[in-house]
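Chain letters run A, B, ... following the sequence lines, proteins first, then strands; residues in each count from 1. As a basis for the values below, the full set of heavy atoms in this structure was taken, side chains included, without hydrogen atoms, waters or symmetry mates.
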Protein chains: 2
Amino acid sequence: MIPSSPAPAAGPAGRGTGPSEPRHPRPDGRDRYTIGEVASLTGLTAHTLRWYERIGLMPHVDRSHTGQRRFSNRDLDWLAFVAKLRLTGMPVADMVAYAEMVRVGEETVDARRALLERTREDTAARIAELRDTLAVLDRKIAYYHDAVAASGKD
Amino acid sequence: MIPSSPAPAAGPAGRGTGPSEPRHPRPDGRDRYTIGEVASLTGLTAHTLRWYERIGLMPHVDRSHTGQRRFSNRDLDWLAFVAKLRLTGMPVADMVAYAEMVRVGEETVDARRALLERTREDTAARIAELRDTLAVLDRKIAYYHDAVAASGKD
DNA sequence: TAGGAGGTTGGAGTGCACTCCAGGCAAGCG
DNA sequence: CGCTTGCCTGGAGTGCACTCCAACCTCCTA
């Protein structure tokens, strides 16, 4: 439950900027992927990739001479970062706002950092909640384990 | 982002069964709460509580002589447990299935334990994912922190 | 006993994040 | 050349989990 990155997601990233992350296994030396290739690399559908672009969550993707999309490694990095943000439960609208700030440039750096810091706190809180939940589940499972014969229990 | 339990959620529980959990702070010795009281105790809306009952996620709630709902401490325990399951991302349909199994009785104990164990694994995996995400966020925040003057970054 | 807060119902509406459709263009293979 | 497979677009549709509506009833306090 909750779609966790299914395909060989392209490692941590952030559109080639940020702390110099190790470039993770990508097919080969290429830098122009079709939408279908990106779909299987990221686990997203082609539909979703087009939709991301339409709503402004993808910076302008390059096109072939006939108008087909050609994604770059930079685009893959960005998508990997977006996948991380998605995991935190951040609404797509907020991610679009972040993407927009990136597009605007330097003067939004503080706002971007603030957004990430808020997200960081949310994520830490969520981890704590889940740990708590795990404890509850463990207690309940243990209970089922050695009280199998009792009746009317949940 | 992600509605985390807002109101004084009534502690961990499981409809009074399971490992004997400490009975958490409840208003007082009462055992008959109106829907509004339960709403503010759980952080759910009255609408949602009625909806839970309609779809079979609540065992039959007691009624006053005039037909108004009167929730018991047992009901609050169950709601607290449901809140935990909700935190794991379990679909409501699965929770309804669990509730149904509880209603059926003893012969579903194995299936219930299996469901909880699957949920437990999902939750543990989710925690790992989030930890990873936290690391990515931390790196990016640190980057923003000491590379504020660089341009065109995300 | 009057008024306002809060309770009841079935069914319709909302917001989010996709997901799919129809109709057409393009690329590579035998 | 024909065929299959893949990509293009705008717009409509889907599934989930609520959320609200209208019309009415009940409880409690002044």
Side-chain angles (χ1 to χ4, degrees), chain A residues 1-7 27 30 32-58 60-72 75 79 82-99 122, chain B residues 1-7 27 30 32-58 60-72 75 79 82-99 122:
Chain A
M1 51 205 49
I2 287 176
S4 44
S5 48
R30 284 184 321 119
R32 290 172 73 74
Y33 309 89
T34 66
I35 198 167
E37 288 169 334
V38 175
S40 61
L41 283 170
T42 60
L44 299 168
T45 69
H47 291 306
T48 300
L49 288 167
R50 291 195 200 98
W51 179 67
Y52 275 7
E53 193 178 348
R54 243 194 295 178
I55 64 174
L57 187 47
M58 274 305 290
H60 302 105
V61 175
D62 201 20
R63 299 293 179 121
S64 73
H65 68 105
T66 52
Q68 298 201 345
R69 287 175 186 79
R70 291 295 177 258
F71 291 79
S72 66
D75 293 329
L79 283 171
V82 164
K84 288 293 183 204
L85 291 185
R86 213 162 32 112
L87 276 173
T88 68
M90 180 188 283
V92 166
D94 288 10
M95 295 188 231
V96 170
Y98 184 88
D122 289 345
Chain B
M1 49 207 52
I2 287 177
S4 43
S5 48
R30 283 183 322 118
R32 289 172 73 75
Y33 308 90
T34 66
I35 198 166
E37 287 169 333
V38 174
S40 61
L41 284 170
T42 60
L44 299 167
T45 68
H47 289 306
T48 300
L49 289 166
R50 292 196 199 96
W51 178 66
Y52 275 7
E53 193 178 349
R54 242 193 298 176
I55 64 174
L57 188 48
M58 273 305 288
H60 303 104
V61 175
D62 201 20
R63 299 292 180 121
S64 74
H65 67 105
T66 53
Q68 298 200 345
R69 288 175 185 78
R70 291 296 177 258
F71 291 79
S72 66
D75 293 328
L79 284 170
V82 163
K84 287 293 183 202
L85 291 185
R86 212 162 33 112
L87 275 173
T88 68
M90 179 188 283
V92 166
D94 287 10
M95 296 188 231
V96 170
Y98 185 88
D122 289 345

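Here the CZ-CZ distance, from B:R63 to B:R32, works out to 11.5 Å after rounding to the nearest 0.5 Å. Between atom OG1 of residue A:T45 and atom CZ of residue A:R50 there is a gap of 8.5 Å, rounded to the nearest 0.5 Å. Separating the CE atom in A:M58 from the CG atom in A:L79 is a distance of 4.5 Å, to the nearest 0.5 Å. Here the OH atom belonging to A:Y98 is positioned 12.0 Å from the CG atom belonging to A:L57, to the nearest 0.5 angstrom.
Every residue two or more places apart in sequence or in another chain that forms a side-chain hydrogen bond (donor to acceptor under 3.5 Å, both in side chains) with A:R69 is listed here: A:E53.
Between D:dC7 and A:R50, no contact under 4.0 Å exists linking OP1 or OP2 to a side-chain N or O. Between B:R69 and C:dG7 there is no side-chain N or O to OP1 or OP2 distance below 4.0 Å. Contact annotation: B:T48 side-chain N/O to D:dC18 OP1/OP2 distance is not under 4.0 Å. In this structure, B:Y52 reaches the D:dC18 phosphate: one of its side-chain N or O atoms is under 4.0 Å from OP1 or OP2.
B:D94 and B:M90 get closest at one heavy-atom pair: CB-CG, 3.5 Å.
Separating the CG atom of B:D62 from the P atom of C:dT8 is a distance of 12 Å, rounded to the nearest angstrom. Taking atom CD of A:E53 as the reference point, atom C1' of C:dT19 lies 17 Å away to the nearest angstrom. In this structure, the CG atom of A:L87 is 14 Å from the P atom of C:dA17, given to the nearest Å. Between the CG atom of B:L49 and the C1' atom of D:dC18 there is a distance of 12 Å, rounded to whole Å. As rounded to whole Å, 6 Å separates atom P of C:dA17 from atom CH2 of A:W51. As rounded to whole Å, 14 Å separates atom P of C:dC18 from atom CE of A:M90. Rounded to whole Å, the distance from CZ on B:F71 to P on C:dG6 is 16 Å. Counting to the nearest Å, the C1' atom of D:dC21 and the NE2 atom of B:H47 are 9 Å from each other.
A:T48 contributes no side-chain N or O that, together with a main-chain N or O of A:L44, makes up a donor-acceptor pair within less than 3.5 Å.
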Could you go through nucleotides 25-30 of chain D and list every protein N or O atom that sits under 3.5 Å from one of its N or O atoms, giving the distance for each pair?
unit_1 : atom_1 : unit_2 : atom_2 : d
D:dC27 : OP1    : B:T66  : OG1    : 2.4

Write out a two-atom table: protein N or O, nucleotide N or O from nucleotides 11-16 of chain C, distance below 3.5 Å.
unit_1 : atom_1 : unit_2 : atom_2 : d
C:dG11 : N7     : B:R54  : NH1    : 3.1
C:dG11 : O6     : B:R54  : NH2    : 3.2

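Comparing A:T45 and B:A46, the nucleotide of DNA chain C nearest to each residue sits closer to the 5' end for B:A46.
In this structure, A:T34 and A:V38 have side chains that are not in contact, with every pair of non-hydrogen atoms separated by 4.5 Å or more. Residues B:F71 and B:D62 fail the side-chain proximity criterion, which asks for heavy atoms closer than 4.5 Å.
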